[in-house]
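For clarity, every value in this text was computed on a predicted model and none was experimentally measured. Computed over heavy atoms, backbone and side chain alike; hydrogens, waters and symmetry mates excluded.
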Amino acid sequence: MTQHPSTVTVQQSFPDPRPTTNPYIVMLRDHLATTPGVAVRTFSWRRAILGHYDVFHAHWPEILVSGASKPKRAVRQLLTLVLLAKLAVTRTPIVRTLHNLHRPSGISRIEHALLGLFERRTAFVIVLNEQTVPPEGVGSAVIPHGHYRDWYARHPQREAVEGRLSYFGLIRRYKGVDGLLRAFSALPGGDRSLRVAGRPSSEALAADLRSLAADDDRIDLSLEFLSDAELVDVARQGELVVLPYREMHNSGGALAALSVDRPVLVPANAVNERLAAEVGQGWVVQYDGDLDASDLERALDAVRDPSRGPSPDLSARDWDLAGQLHLAAYRAALGHGRPEAPGAPVRRVGDRAI
């Protein structure tokens, strides 16, 4: 197919999706591919280093410089240097989506140095909410994380079990699942139950969770990777999805739950306050401090309020709009002026508007 001369060819930093790939990445690729004016390429080192494209879009650049073994890591780090040199020589702008506020912990000095180079070469950043502060002197735009409605709609949508709380997704220490188990164990009532499903990041963490759940037969642990159908089943069977993250900034888990019409309990912060206002009353319940049994009791009462609508309002997270906003960001990075897609946000950086 012959491309229009104004088409922006974008090299993404993620490879062709696999069954375990984050649905956000798959949906972004698919909707960009159908957005007029964008040609999207998935990542391989050959495509990225030898291919011709207008913009390089990075998501989690730490993946490019890491590896399961020292030799693999060394090769990737060398290739990253070659890629950065190619982008500099060809004056190809880097657009980066800031999924996380900070670099990963425990990475090497070489990885820190390479990520620093990536950050200095970044021409434009995409943030997922208004609370993320972009780097100084770099153009930016807010493009909200898209919903998962269409992605999960193909799977059975079971009814909730009265009194059940659910947690799903990858389990890491910072996600506070151990605190959820402690809080639930202190919650009285034989009609209450908790389903926790997802793969822990370590066997030590898995052992801790099994120990915490051992004396409460109301708790059901499934400590393994979830397919999409299993995720929907776990989310839908709960009256309430509990996401007790100790740090929460951009949560795909909250959007996943809301996308299958399940309310969420999340820590109180500015991002979640804004999400609560966006999606409608009764869909996002917040708690302060450490999660305890009274927070769970209060949240269950809140989501049973008959004034809560049948579905949360996720219209601001439509993927067709996200495709247009990404194209506007790519053009801004190329120096084509401020984004002009419908509804595109404008953020001032220094003395210029993006």
For residues [X] and [Y], determine if any side-chain heavy atom of one lies less than 4.5 Å from a side-chain heavy atom of the other.
X	Y	result
Asp228	Val232	no
Val234	Arg195	yes
His59	Phe14	yes
His147	Leu258	no

Could you check whether Glu239 pairs with Arg262 (Lys NZ or Arg NE/NH1/NH2 to Asp/Glu carboxylate O, under 4.0 Å)?
no
Result of checking Asn272, Asp295, Val264 against Gln286 for side chain to side chain contact (heavy atoms under 4.5 Å, CB included):
Asn272
Pick one: which of Leu32, Val55, Val40, Thr35 meets side chain to side chain contact (heavy atoms under 4.5 Å, CB included) with Val8?
Val55
Plane angle bin for Tyr53 and Phe56 - parallel if under 30°, tilted between 30 and 60°, otherwise perpendicular:
tilted
Is it the case that the side chain of [X] and the backbone of [Y] share a donor-acceptor pair, with hydrogens and angles ignored and the cut-off at 3.5 Å?
X	Y	answer
Arg246	Arg173	yes
Ser211	Ala207	no
Ser259	Tyr148	yes
Arg154	Trp151	yes
Arg121	Ile94	no
Glu230	Ser227	yes
Arg73	Gly67	yes
Gln157	Tyr152	yes

Does the ring of Trp319 carry Arg317 above it, NZ/CZ under 6.0 angstrom from centre and within 45° of its axis?
no
Answer with yes or no after comparing the ring centroid distance for His326 and His31 against a 6.0 Å cut-off, counting only values under it.
no
Are His99 and Tyr24 an aromatic pair, judged by ring center distance below 6.0 Å?
yes
Before giving the answer on side chain to side chain donor-acceptor pair (under 3.5 Å), spell out for Ser13 and His57 the whole-Å C-alpha distance, their side-chain angles and the decisive distance to 0.1 Å.
CA-CA 6 Å; Ser13 68; His57 187 175; over 6 Å; no
Between [Y] and [X], is there a side-chain donor-acceptor contact under 3.5 Å, judged purely by atom types and distance?
X	Y	value
Arg164	Ser193	yes
Thr122	Glu119	no
Ser108	Glu111	yes

Verdict with supporting geometry, Asp233 and Gln237, side chain to side chain donor-acceptor pair (under 3.5 Å):
CA-CA 6 Å; Asp233 182 75; Gln237 68 184 255; 3.1 Å; yes
More than 12 foreign heavy atoms under 6.0 Å from CG of Asp313: is that the case here?
yes
